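First the structure, in the form of structure tokens, and then the observations on it.
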There are 2 protein chains.
Amino acid sequence: MSRQKPRLARIADALGVSTATVSNALSGKGRVSPELAERIRATAAELGYVPSVAGRALRTGRSGVLGLVLADISNPLFPKLAQAIENSAAKVGYGILIADSHGDVTAQTQAIERLIERGVDGMIVVPRRGTWVTGASCPVAVIDSPSTPGNTVAADHWSGGQGLGLHLYSLGHKHVLLLGNSTASNVQNDRLGGVKAGLGSAKVETIWIEKLEAQSGQGCSLGLAEAVARGVTAIAAISDLVALRALTELQRAGIAVPEDVSVTGFDDLIWSSVITPGLTTMRMDVATIADIAIAAVLDAINQPHVAGSRGTDGDTVIASQPKVPMELVVRQSTGPARKSAYPNDNKTDNLTAGELIQ
Amino acid sequence: MSRQKPRLARIADALGVSTATVSNALSGKGRVSPELAERIRATAAELGYVPSVAGRALRTGRSGVLGLVLADISNPLFPKLAQAIENSAAKVGYGILIADSHGDVTAQTQAIERLIERGVDGMIVVPRRGTWVTGASCPVAVIDSPSTPGNTVAADHWSGGQGLGLHLYSLGHKHVLLLGNSTASNVQNDRLGGVKAGLGSAKVETIWIEKLEAQSGQGCSLGLAEAVARGVTAIAAISDLVALRALTELQRAGIAVPEDVSVTGFDDLIWSSVITPGLTTMRMDVATIADIAIAAVLDAINQPHVAGSRGTDGDTVIASQPKVPMELVVRQSTGPARKSAYPNDNKTDNLTAGELIQ
DNA sequence: CTGAAAGCGCTTACAG
DNA sequence: CTGAAAGCGCTTACAG
């Protein structure tokens, strides 16, 4: 029972052929007669042959591994994305090495360097907002936003937003509050821009939470009850996470969703369907995005004339920007706009928006 | 400016020494005079030398890469864990290759095989509930639960539960509802067992959601309003995800948290602090768990006398079970038990538990 | 303290 | 259709 780790040569010896022939047979290069190839495959399987990735990598100069850099690995979307990318990579015979960058820019650069040192053939980067991917000496696909220069592939956040806006508009909402985090994010600007477009003639207010919290402190009230009192009948949040914050703040204030106000998110995170009411949201097609990103990197790897251009140490970021459609998921958190002013509150429309609202 | 990818030999040539000496100098094996070593390091840095992992791997038989298998990559805890493990591995010079197993048992085995084929030196597995890790021909550290045979390291879920139970008990809760998912999970049994222990003499009911949904359908009501009417003053959920479901169901029913009923979770997921009220929960020390898991795998890798025992193709699972303490995070979702029966409801204590409640 | 040499396992021109 | 040979880049005994 005691057998050594079998090498290519063992198969060759067992059959009395050369290692070259075994290699050719196994890689299906076709330079071997079908019968012999079949016998070789059989013997390899029988011996439990597992090719040495190190040997192959050293000879071919390819590691068969791609790096994945998530700006913020604690991003709730990470699981889905990592899963999708690992799947897409596995389909084409690649492995995925992860690198964490703590959401911090210098760490992102270090993470990229670490991956290079590990010999990755290319990488996929989901950068931190407003960050440039730089200094990678291998092909890099960037998943950010269609409006980001250097972006490789991304969800069509703008159209997704538009879909959400149309959904709300068709439910009769004429006064909508938008909840964003940071104006520095292309993704966020795309999303909210789309929502506005979809909302057409409806009245729109926007709150940027980062700004609000800079003044009123982390975790402060979003002033949602006041907004509802002011006539807002729907709240479109930049993400499910923000939508959740809004939802619980509303419920805590005794405001019913969707009867008094509708709420929407973005991302369709795992818990979006579990909460009460279920959250209406816009889902990214991560599988397609992953497929395109992987395909782009592989293309670049197999086109040395680009990456191999000597004279510059510059980036090899792949810039082509297919937009992958998003999918509207309607759940119970959205419904028809209430006809009357907020029932528990008489002072309607006579409140000013306040200095924090644009 | 046009320079080739520098190899070890270039440094050797540049200094007129042998590659062996360069290798020794760079690896700090000390067989080189300090002065020469210094010059070699300087030249290497200047030339931008990046060692070839393939060359090293082929020669040493070590890839410098560890595999990470998450039973369910869409598990909300995944980001934190992956981050912690990547960090711990990076500290000791290892990379992390991920493998997704879709939460399905055969896929888990395939994922493990794929990692082996990629030449990992060892792996960390967070298995699916009630699943055995099997057939890995390299050292495997398992992160599951201290009460699982073959477990390597885990959070002390039982003590964590106890801490939560004590917290509730000390707030005066005498009638508590426990919310679990599956009785097949060691982690869940540990957690709820601990909660019960911490609750001492309090009255305890348990609902297993999987069972409930099998009868009443996915996403059905948990019957929380009825429970509160029955006298329950606190609900301890098996996870933050379940706690969130409970919290929104309660809020939707107009039951105030924590005034009418307290709610606790487990895991301290990203959104636990963002919702209103913030969720009291029990946090895992993922960094410590990751450190221990990585250390265990490295130990096993460096002790070939175990892994090298011929005669069996058996597992190389590392069984030693340190329990890492959990940390109580108190937020606003827990408070003193209400003194009176549920204020909006007169029929107290005269409801039977129902067939779904143990 | 330093060097010459072998070899890890594979693939790829190149002959035959 | 098949084989002999070279070599990818490194490290490790082994000499000196």
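What you see is a predicted model; the values in this text were computed from it and never measured. Chain A is the first sequence line, chain B the second, and so forth, proteins listed ahead of strands; every chain is numbered from 1.
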Which atom pairs link the protein and nucleotides 12-15 of chain D when you take only N or O atoms and keep those under 3.5 Å?
| from | atom 1 | to | atom 2 | distance (Å) |
| --- | --- | --- | --- | --- |
| D:dT12 | O4' | B:R59 | NH2 | 3.0 |

Which nucleotide wins on minimum distance to the side chain of B:P34, given the candidates C:dC1, D:dC10, C:dT11?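 Selected nucleotide (nearest to the side chain): C:dC1.
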Mind checking what makes side-chain hydrogen bond (donor to acceptor under 3.5 Å, both in side chains) contact with B:E38, not counting sequence neighbours?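 Testing B:E38 for side-chain hydrogen bond (donor to acceptor under 3.5 Å, both in side chains), a comparison that skips the adjacent residues, returns B:R41.
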Is there a side-chain polar atom (N or O) of [X] under 4.0 Å from OP1 or OP2 of [N]?
| X | N | value |
| --- | --- | --- |
| B:T21 | C:dG3 | yes |
| A:S52 | C:dG9 | no |
| A:R56 | C:dG9 | no |

Can you measure [X] atom [atom1] to [N] atom [atom2] for me and round it to whole angstrom units?
| X | N | atom1 | atom2 | answer |
| --- | --- | --- | --- | --- |
| B:L58 | C:dG7 | CG | C1' | 8 Å |
| A:Y49 | C:dG9 | OH | P | 10 Å |
| B:I11 | D:dT11 | CD1 | P | 11 Å |
| B:R10 | D:dG9 | CZ | C1' | 14 Å |
| B:I40 | D:dC10 | CD1 | P | 14 Å |
| B:L15 | C:dC1 | CG | C1' | 15 Å |
| A:L8 | C:dC10 | CG | P | 5 Å |
| A:L36 | D:dT2 | CG | P | 5 Å |

So does A:G55 get a backbone contact from the side chain of A:S52, meaning a donor-acceptor N/O pair under 3.5 Å?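 Yes; judged by distance alone, with no hydrogens or angles, the pair exists.
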Nucleotide pairing, DNA chain D (Watson-Crick or G-U, distances under 3.5 Å), in dot-bracket with [ ] and |: |||.||||||||.|||
Which residues share a salt bridge (Lys or Arg N to Asp or Glu O under 4.0 Å) with B:R114, sequence neighbours left out: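 With neighbours one apart ignored, the set is A:E86.
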State which residues pass salt bridge (Lys or Arg N to Asp or Glu O under 4.0 Å) with A:E117; sequence neighbours excluded, sorted by chain then number.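 Not a single residue meets the salt bridge (Lys or Arg N to Asp or Glu O under 4.0 Å) criterion with A:E117.
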Within this structure, what is the NZ-CD1 distance for the pair A:K80 and A:I270, rounded to the nearest 0.5 Å?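 If we round to the nearest 0.5 Å, A:K80:NZ and A:I270:CD1 are 7.5 Å apart.
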According to side-chain contact (heavy atoms from CB on, under 4.5 Å), who are the partners of [X], at least two apart in sequence or on a separate chain?
| X | answer |
| --- | --- |
| A:R56 | A:P51, A:T60 |
| A:P325 | none |
| B:T152 | B:A141, B:V142, B:A296, B:I318, B:S320 |

Could you list all the side chain to side chain donor-acceptor pair (under 3.5 Å) pairs where at least one residue sits in residues 284-293 of chain A, not counting sequence neighbours?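 For residues 284-293 of chain A: A:S88-A:D291, A:K91-A:D291, A:D285-A:T288.
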A:V53 or B:S18: which one's nearest nucleotide on DNA chain C is closer to the 5' end?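 First, find each residue's nearest nucleotide; the 5'-ward one identifies B:S18.
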